[in-house]
Amino acid sequence: QVQLVESGGGLVQAGGSLRLSCAASGRAFGTYATGWFRQAPGKEREFVATISEIGRSTYYADSVKGRFAISRDNAKNTVYLQMNSLKPEDTAVYYCAADYRSARTMTTMTPTYWGQGTQVTVSS
């Protein structure tokens, strides 16, 4: 089992930045891919970014490319999402996820493990 706990959400003005963190526990952190997904009110949960087991490969949704950056620190069992140039349409609950399948597979298939989510609100 993998346990995931997100932090770092909050309220920010458009154009601002936030960094989300996800602390993992359970299985060895460097053995599975991790990622971030989000769900806005009235919408389905969507892929945001994923990163491979040792951080060699990353994948991003088109809507966040060039603005968001995913990274991981395997020594700290933590994955991050740096969000810059935030827009009101980025408002959502952001979820950390993990899976033993590849980071690329996570972009199109529902991950196995999920955190509880953290709210990000971007005001205009």
Side-chain angles (χ1 to χ4, degrees):
Q1 290 291 330
V2 174
Q3 293 79 43
L4 304 167
V5 179
E6 303 96 334
S7 61
L11 173 65
V12 63
Q13 288 189 331
S17 299
L18 278 176
R19 188 175 82 155
L20 305 182
S21 299
C22 173
S25 60
R27 299 287 181 90
F29 186 66
T31 63
Y32 50 85
T34 56
W36 292 92
F37 293 70
R38 67 187 182 186
Q39 186 168 20
K43 296 186 177 182
E44 292 188 353
R45 189 152 47 186
E46 64 177 3
F47 152 72
V48 175
T50 60
I51 187 167
S52 60
E53 293 85 339
I54 58 173
R56 188 168 294 170
S57 300
T58 57
Y59 302 88
Y60 294 94
D62 288 343
S63 59
V64 306
K65 277 181 184 176
R67 300 188 299 121
F68 290 12
I70 188 171
S71 62
R72 63 190 292 163
D73 185 339
N74 285 4
K76 295 183 178 179
N77 289 0
T78 303
V79 59
Y80 304 97
L81 185 68
Q82 177 66 43
M83 304 185 294
N84 300 323
S85 302
L86 282 160
K87 305 175 181 180
E89 51 263 43
D90 294 318
T91 294
V93 177
Y94 282 72
Y95 296 91
C96 181
D99 203 285
Y100 285 98
R101 294 170 292 183
S102 72
R104 174 177 286 184
T105 298
M106 284 179 69
T107 68
T108 57
M109 298 184 70
T110 302
T112 302
Y113 303 103
W114 293 90
Q116 82 289 350
T118 185
Q119 177 71 47
V120 171
T121 303
V122 184
S123 63
S124 56

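Side chains are part of it too, since the values below use all heavy atoms of this structure and drop only hydrogens, waters and symmetry mates. Here, residue 1 is the first one in the sequence, and each next residue gets the next number.
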In the single-linkage hydrophobic clustering (I, L, V, M, F, W, Y; side-chain heavy atoms under 4.5 Å), do Val48 and Val120 co-cluster?
yes
What verdict does the side chain to side chain contact (heavy atoms under 4.5 Å, CB included) test give for Thr31 and Glu53, after you've listed the backbone C-alpha separation in whole Å, the side-chain angles of each residue and the deciding distance to 0.1 Å?
CA-CA 6 Å; Thr31 63; Glu53 293 85 339; 5.7 Å; no
Within the distance-only criterion (no hydrogens, no angle test), does the side chain of Thr50 pair as donor or acceptor with the backbone N or O of Ala103 below 3.5 angstrom?
yes
Given the rule that I, L, V, M, F, W and Y join up when any side-chain heavy atoms are under 4.5 Å apart, are Trp114 and Val2 in one cluster?
no
Does the side chain of Thr112 come under 3.5 Å of the side chain of Asp99 through a donor N or O and an acceptor N or O?
yes
Test the Arg104-Tyr59 pair against the cation-pi criterion, namely NZ or CZ under 6.0 angstrom from the six-membered ring centroid and within 45° of the ring axis.
no
Quick one: does Phe29's side chain get under 4.5 Å of Lys76's, heavy atoms only?
no
At their closest point, which heavy atom of Pro111 faces which heavy atom of Ala98, and how far apart are they?
CB-O, 3.8 Å
Of all residues at least two apart in sequence or in a different chain, which pass the side-chain contact (heavy atoms from CB on, under 4.5 Å) check with Glu6?
Trp36, Tyr95, Cys96, Gln116, Thr118
Look up atom OG in Ser52 and atom CD1 in Ile70, then write down how far apart they are to the nearest 0.5 Å.
9.5 Å
Given side chains that start at C-beta, do those of Ser63 and Arg38 come closer than 4.5 Å, heavy atoms only?
yes
Look at the side chain of Thr91 and the backbone N and O of Val122, then say whether any donor-acceptor pair between them is shorter than 3.5 Å.
yes
May I ask you to list the residues sharing a hydrophobic cluster with Leu11, side-chain cutoff 4.5 Å, ordered by chain and number?
none
Test of understanding: clusters of I, L, V, M, F, W, Y form through side-chain heavy atoms closer than 4.5 Å, transitively. Do Ile51 and Met106 belong to the same one?
no
Taken in chain and number order and not counting sequence neighbours, the residues that satisfy side-chain contact (heavy atoms from CB on, under 4.5 Å) with Thr105 are Arg101, Ser102, Met109
Using the ring of each side chain (for Trp, its six-membered ring), is Tyr113 parallel, tilted or perpendicular to Tyr100, with breaks at 30° and 60°?
perpendicular
Check the pair Lys87, Asp90 against salt bridge (charged side-chain N to carboxylate O under 4.0 Å, His left out), reporting the backbone distance first and the verdict last.
CA-CA 5 Å; Lys87 305 175 181 180; Asp90 294 318; over 6 Å; no
Transitively linked via ILVMFWY side-chain contacts under 4.5 Å: Leu18 with Val79?
yes
Side-chain touch Val12/Thr121, heavy atoms, less than 4.5 angstrom:
no
Quick one, Leu81 with Tyr94, criterion side chain to side chain contact (heavy atoms under 4.5 Å, CB included). Give me CA distance, side-chain angles, the key distance, then yes/no.
CA-CA 10 Å; Leu81 185 68; Tyr94 282 72; 4.2 Å; yes
Distance check, rounded to the nearest 0.5 Å: Ser25 atom OG versus Gln3 atom CD?
4.0 Å
Transitive ILVMFWY side-chain link Met83 to Val93, under 4.5 Å:
no
Which heavy atom in Ala69 sits nearest to a heavy atom in Tyr60, and how many Å separate them?
CA-OH, 3.3 Å
Between the side chain of Arg19 and the main-chain N/O of Gln82, is any donor-acceptor distance below 3.5 Å?
no
Derivation of the side chain to side chain contact (heavy atoms under 4.5 Å, CB included) call for Leu86 and Phe68:
CA-CA 9 Å; Leu86 282 160; Phe68 290 12; 3.8 Å; yes
Heavy-atom check, side chain of Thr34 versus side chain of Arg72, under 4.5 Å
yes
Looking at CG of Leu20 and OG1 of Thr78, how far apart are the two atoms once the value is rounded to the nearest 0.5 Å?
12.5 Å
